[in-house]
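What follows is one structure encoded as structure tokens, with my remarks underneath.
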Amino acid sequence: MNPHYSAFIELGKALAQEKGLPWEIDLNEDGTARDGIGWNLTAVAGDVPPPTHYLRDLGPEAKVLAIINAERLELGLAPKVREPLSLAWQDLVKAAVAEQLLFRRNTVPHVSQCIARPLRAIATCVDSEPWQLTIDDLREAVRIAKAVQASGKFGDLVAGIVKVLFDPNHICDAGQMYAWLDVARLRTKSVIRAKHIWSQEALRADLEARKRAERLPERRAFWELTRIVMTERPRTFVDDLRFAAARTMIVTGMRAGEVALLPLDWKRERSYVDSKGRPAGEAGGISTSLMVRHFAEKQQDEDSDSRILRENAQPVPDMFRLLLTETLDHVVTLTEPLRATLKLQCETGRLLPWYAADDIVPFTELYTRISGSPFWLEMESEEFVRRYRESFDPSVLSDLYALQQQKQSTGRLALHMALYKLGNRLQDKMRAEHIALRFRRADGAAIGVKERMNWKDTYLRVGELEDYIRSTTPTKVSDTAPLPLADGLVQPWELLFLQPKRSLAEERNDGLCDITRYMAVNRPDPSFIGYALGDAKELPSLFEKYGETDEDRALKIESHMLRHLQNTELFRLGVADTIISKRFNRRSVAQSYEYDHRSLAEELDQIEIPPDIEIMLGEKASTVAKLIKGGRASGPIVEAFRRIQATEGDTAAYEYLRVEADGFHATPYGHCLSSFTVDPCPNHLECFNDCRHLSATDLPENRENLIRLEGKLKIAVEEIKARPSTSIGWKNQLEHAEQRLVGVRTLLATPAGERPFPDGRDLSLPPQRGVLDD
């Protein structure tokens with residue numbers, strides 16, 4: 001044990017003590033906390049659930065252990081057993097969680113998935129203590145972690161933990177090891193998708209023929225999503241909410257978290273008048289405008305509290321005003337019964353606030369409150385399902401409830417089988433003394449656990465039922481915790497997109513959920529939208545449910561792609577970058593350009609030069625002028641243009657450019673800015689041969705050509721080396737191939753618009769004559 005490790009552990013203990021966290025966690029034989037909780041990280045950070053994250057597993061990482069044991073069995077070795085990690089590793093995991101969460105103030109999901117889990121993975125892979133780790137130990141841990149996840153993401157997290165935890169805190173005796181780890185880290189999805197193998201036609205036929213195209217939605221997926229949410233009829237109440245959320249994201253470009261937390265009071269209208277106080281519309285302007293009040297994400301600075309919601313407002317273009325208003329007003333009406341339930345629960349602190357705690361209520365009535373299913377009698381349900389799904393009108397549920405009450409009073413129908421199953425499960429738990437809940441008669445007397453019961457005359461005490469739900473089925477407890485604002489709180493019933501919590505009757509069993517009587521109400525989080533777009537493989541997405549073909553049903557979209565798409569389209573339509581930045585609540589214009597995925601042609605279309613200058617220059621010289629103005633070209637002509645512009649003014653510079661217009665050429669490898677009016681290209685279009693006139697681009701066609709050429713040159717070099725010779729010709733061949741391979745790789749690594757060979761030989765100049773020349 002080294003002093004740096006000890007100091008880090010002491011820091012973790014001090015941070016945990018300040019928050020009242022017990023350092024010692026009593027563990028089961030498999031390394032999990034005996035109380036099933038351990039550290040409630042969400043509560044420690046002051047976050048509002050759901051979700052709730054815990055540190056309660058200090059044993060081996062399950063998927064890593066499975067891979068290790070599979071490899072050990074192949075070698076004829078005994079598998080490792082699941083048991084708690086060593087005390088040193090346990091302390092390191094707890095100290096890292098405390099330091100990252102309480103000192104560095106990282107988010108709870110980040111600490112849980114990107115800190116604690118990778119640390120447990122490393123501990124599972126090695127038999128040594130943290131300070132004894134070697135570079136071979138860490139490489140082996142990265143290798144196994146990459147096998148856990150096909151994308152390599154988990155292996156990337158394990159490598160990252162070396163950089164952010166072990167090296168900065170000098171945990172290992174071996175010293176700094178990240179630089180020597182020598183493992184490929186994930187960078188962008190373009191690496192995984194290998195776009196360079198696509199055909200030119202495939203690139204041009206899609207939205208993805210743009211720079212950083214992996215951040216844009218696939219064209220087919222976007223239009224299929226639009227078709228679904230604009231034209232299809234939702235089959236469930238929750239799907240109706242998802243349709244509305246997707247429409248809102250398409251129109252506004254908001255993040256998934258911002259849409260999920262839209263407030264009930266979302267509408268903001270502004271009126272505009274002229275100098276005489278008359279509506280501005282009468283003078284050719286706009287009289288009113290609509291804005292969407294929302295809680296903008298990523299507005300914090302280093303010293304602010306990341307848990308606090310920050311209000312903002314986004315203008316709505318007139319072309320989307322009616323669509324957005326109808327969509328969000330529909331959600332308000334749709335969720336009103338859930339809102340009334342949640343408000344009552346927040347104000348009373350009760351799960352079943354419609355009754356007093358001592359009330360004795362029929363089990364048949366409480367069945368719908370608990371399960372959400374409106375059917376407690378065995379009856380034909382198709383007609384009510386059809387009527388309700390036409391408009392999700394809650395009056396249909398009220399009619400159904402009244403009809404069943406009437407039929408039950410006559411005793412003509414049997415109870416629904418699902419009600420029997422729930423009652424029998426509760427009765428089995430009572431007989432096993434697992435719960436204190438008891439069935440009762442109408443007078444409140446308890447029914448013996450072995451007595452036969454008539455379910456129609458069986459009752460429950462409300463207070464006992466609430467205690468049972470809180471202790472055994474917390475997933476049925478509504479989300480009642482308020483969300484903090486900078487100057488107040490937002491109550492959960494003041495949010496727009498409320499939904500029934502775990503409405504299995506509708507979502508899983510293809511039935512209905514009685515939102516007017518169901519007790520469990522959920523405050524949505526971003527996963528509510530992400531699951532609808534295909535984030536969860538085990539849950540059907542909107543594409544799977546409503547797609548018309550097998551190809552459509554296999555589609556998916558990441559929610560943030562819609563934001564990238566709208567940002568790019570606004571740029572393409574010529575909207576000012578300042579307006580775009582303000583629309584998306586950004587603090588700098590530079591952030592908007594990170595979301596800019598226009599092609600080069602689209603960018604040049606938006607660069608303006610004076611009309612008279614454009615007419616004088618002509619088409620080719622105008623293209624060169626736009627490239628220079630946009631910073632997308634460099635070379636001797638560009639340098640001369642800027643020098644003349646600085647010394648003699650714009651007119652002289654553009655006149656020079658008009659004369660030298662033929663000096664712009666689009667080559668298979670980039671842009672060439674050299675005039676070949678008299679002599680042909682001295683490099684014979686081998687632009688990668690140290691040509692100072694070459695300017696790199698980010699066009700897919702250029703990169704595809706270069707990648708293909710790199711492969712051919714690499715094979716050529718290997719074949720030449722495989723046939724060694726002492727002849728001058730062999731050496732010249734090898735030197736020629738190696739020089740061009742280096743040139744291609746240099747060009748591939750050069751950012752768009754910059755010159756890969758700024759100090760290369762200027763082949764536009766005549767060669768210097770030697771003493772032996774005539």
Side-chain angles (χ1 to χ4, degrees), residues 50 229 233-248 258-269 290 292-295 322-355 365 368-374 384-402 476-483 489-503 505-507 511-525 528-529 532:
V229 301
R233 172 174 289 178
R235 299 170 192 165
T236 67
F237 176 88
V238 175
D239 279 353
D240 202 354
L241 294 179
R242 288 169 176 156
F243 279 25
R247 286 197 296 271
T248 302
E258 294 171 345
V259 172
L261 289 181
L262 277 176
L264 175 65
D265 180 23
W266 64 270
K267 190 180 296 185
R268 292 289 183 271
E269 291 185 332
L290 177 67
V292 179
R293 173 179 173 248
H294 65 285
F295 302 115
L322 179 61
L323 172 62
L324 189 63
T325 301
E326 289 180 348
T327 296
L328 297 185
D329 285 348
H330 173 66
V331 175
V332 172
T333 304
L334 204 64
T335 57
E336 189 56 40
L338 295 172
R339 186 167 294 104
T341 296
L342 189 57
K343 183 178 180 181
L344 197 57
Q345 290 175 330
C346 290
E347 292 174 345
T348 62
R350 300 273 310 287
L351 300 184
L352 298 164
W354 306 276
Y355 316 103
E365 180 175 342
T368 299
R369 300 286 190 191
I370 300 170
S371 68
S373 174
F384 283 100
V385 171
R386 183 192 62 78
R387 283 178 54 197
Y388 181 65
R389 288 180 177 173
E390 285 180 354
S391 61
F392 299 102
D393 184 357
S395 65
V396 177
L397 301 173
S398 300
D399 294 343
L400 174 59
Y401 177 73
K476 290 284 187 178
V477 177
S478 297
D479 300 328
T480 57
L483 300 171
L489 297 172
V490 176
Q491 296 297 334
W493 51 267
E494 294 178 315
L495 300 175
L496 185 62
F497 284 97
L498 300 177
Q499 62 179 357
K501 195 171 187 178
R502 290 192 67 212
S503 57
E506 183 178 51
E507 292 293 296
L512 298 183
C513 178
D514 189 346
I515 60 171
T516 64
R517 306 182 64 78
Y518 189 42
M519 56 165 279
V521 184
N522 183 40
R523 170 182 61 79
D525 56 22
F528 160 70
I529 297 171

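None of the values given here were measured: they were computed from a predicted structure.
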Passes side-chain hydrogen bond (donor to acceptor under 3.5 Å, both in side chains), Thr327 versus Arg247? Steps please.
CA-CA 8 Å; Thr327 296; Arg247 286 197 296 271; 3.2 Å; yes
Going by salt bridge (Lys or Arg N to Asp or Glu O under 4.0 Å), name the pairs with one or both residues in residues 341-350, residues two or more places apart or in two chains.
Arg350-Glu466
May I ask you to test the Arg369-Tyr355 pair for a side-chain heavy-atom distance under 4.5 Å?
yes
Would Val521 and Lys501 satisfy side chain to side chain contact (heavy atoms under 4.5 Å, CB included), going step by step from the backbone distance to the final call?
CA-CA 5 Å; Val521 184; Lys501 195 171 187 178; 5.9 Å; no
State which residues pass salt bridge (charged side-chain N to carboxylate O under 4.0 Å, His left out) with Arg389; sequence neighbours excluded, sorted by chain then number.
Asp510
Check the pair Trp266, Val331 against side chain to side chain contact (heavy atoms under 4.5 Å, CB included), reporting the backbone distance first and the verdict last.
CA-CA 11 Å; Trp266 64 270; Val331 175; over 6 Å; no
List for me each residue that meets salt bridge (charged side-chain N to carboxylate O under 4.0 Å, His left out) alongside Glu326, sequence neighbours excluded, and say none if there are none.
none
Does the side chain of Ser503 reach to within under 4.5 Å of the side chain of Val238, using non-hydrogen atoms?
yes
Rounded to the nearest 0.5 angstrom, the CG-CG distance for Leu498 and Leu334 is 10.5 Å
To the nearest 0.5 Å, what is the distance between OG1 on Thr333 and CG on Leu328?
11.0 Å
Where do Val332 and Leu496 come nearest, in terms of heavy atoms and distance?
CG2-CD1, 3.3 Å
For residues Glu506 and Tyr518, is any side-chain donor paired with an opposing acceptor at under 3.5 Å?
no
Side-chain heavy-atom pair Pro337, Thr341 within 4.5 angstrom cut-off:
no
By side-chain hydrogen bond (donor to acceptor under 3.5 Å, both in side chains), Asp329 pairs with (sequence neighbours left out) none
Looking only at heavy atoms, what is the nearest atom pair of Leu397 and Cys513, with distance?
CD1-O, 4.1 Å
What pair of heavy atoms forms the shortest contact from His330 to Asp240, and how long is it?
NE2-OD2, 3.0 Å
Please identify each residue that fulfils ring-ring contact (aromatic ring centres under 6.0 Å, His included) with Phe392, with sequence neighbours left out.
Tyr388
Not counting sequence neighbours, which residues clear side chain to side chain contact (heavy atoms under 4.5 Å, CB included) with Gln491? List them please.
Pro482, Trp493, Glu494
Check against side chain to side chain contact (heavy atoms under 4.5 Å, CB included), Leu483 and Arg523:
CA-CA 11 Å; Leu483 300 171; Arg523 170 182 61 79; 3.9 Å; yes
Please name all residues satisfying salt bridge (charged side-chain N to carboxylate O under 4.0 Å, His left out) with Asp393, sequence neighbours left out, ordered by chain then number.
none
Of the non-hydrogen atoms in Asp265 and Arg293, which two are nearest, and what is the gap between them?
O-NH1, 3.2 Å
Within the 4.5 Å heavy-atom criterion, are Lys267 and Thr325 side-chain neighbours or not?
yes
Partners meeting side-chain hydrogen bond (donor to acceptor under 3.5 Å, both in side chains) with Ser478 (sequence neighbours left out)
Gln345
How about Phe528 and Asn522: do any of their side-chain heavy atoms sit closer than 4.5 Å?
no
For Asp399, which residues count as a side chain to side chain contact (heavy atoms under 4.5 Å, CB included) partner, sequence neighbours excluded?
Arg387
Report the residues that fulfil side-chain hydrogen bond (donor to acceptor under 3.5 Å, both in side chains) with Thr335, sequence neighbours left out, ordered by chain and then residue number.
Arg339
Kindly compute the distance separating OG (Ser371) from CE (Met519), expressed to the nearest 0.5 Å.
11.0 Å
Between Arg233 and Phe243, what is the shortest heavy-atom contact and its length?
C-CE2, 4.3 Å
Does any non-hydrogen side-chain atom of Leu351 lie less than 4.5 Å from one of Lys476?
no
Thr368 side chain vs Ser373 backbone, donor-acceptor pair below 3.5 Å
yes
Do Phe497 and Leu495 have side chains that get closer than 4.5 Å, going by heavy atoms?
no
Taking only residues two or more places apart in sequence, or in another chain, which ones meet Ser398 in a side chain to side chain contact (heavy atoms under 4.5 Å, CB included)?
none
Side chain to side chain contact (heavy atoms under 4.5 Å, CB included) filter on Arg235, not counting sequence neighbours, yields Lys545, Tyr546
Are Tyr401 and Pro374 side-chain neighbours, meaning at least one heavy-atom pair lies under 4.5 Å?
no
Once rounded to the nearest 0.5 Å, what's the spacing between atom CG of Leu400 and atom CZ of Arg517?
10.5 Å
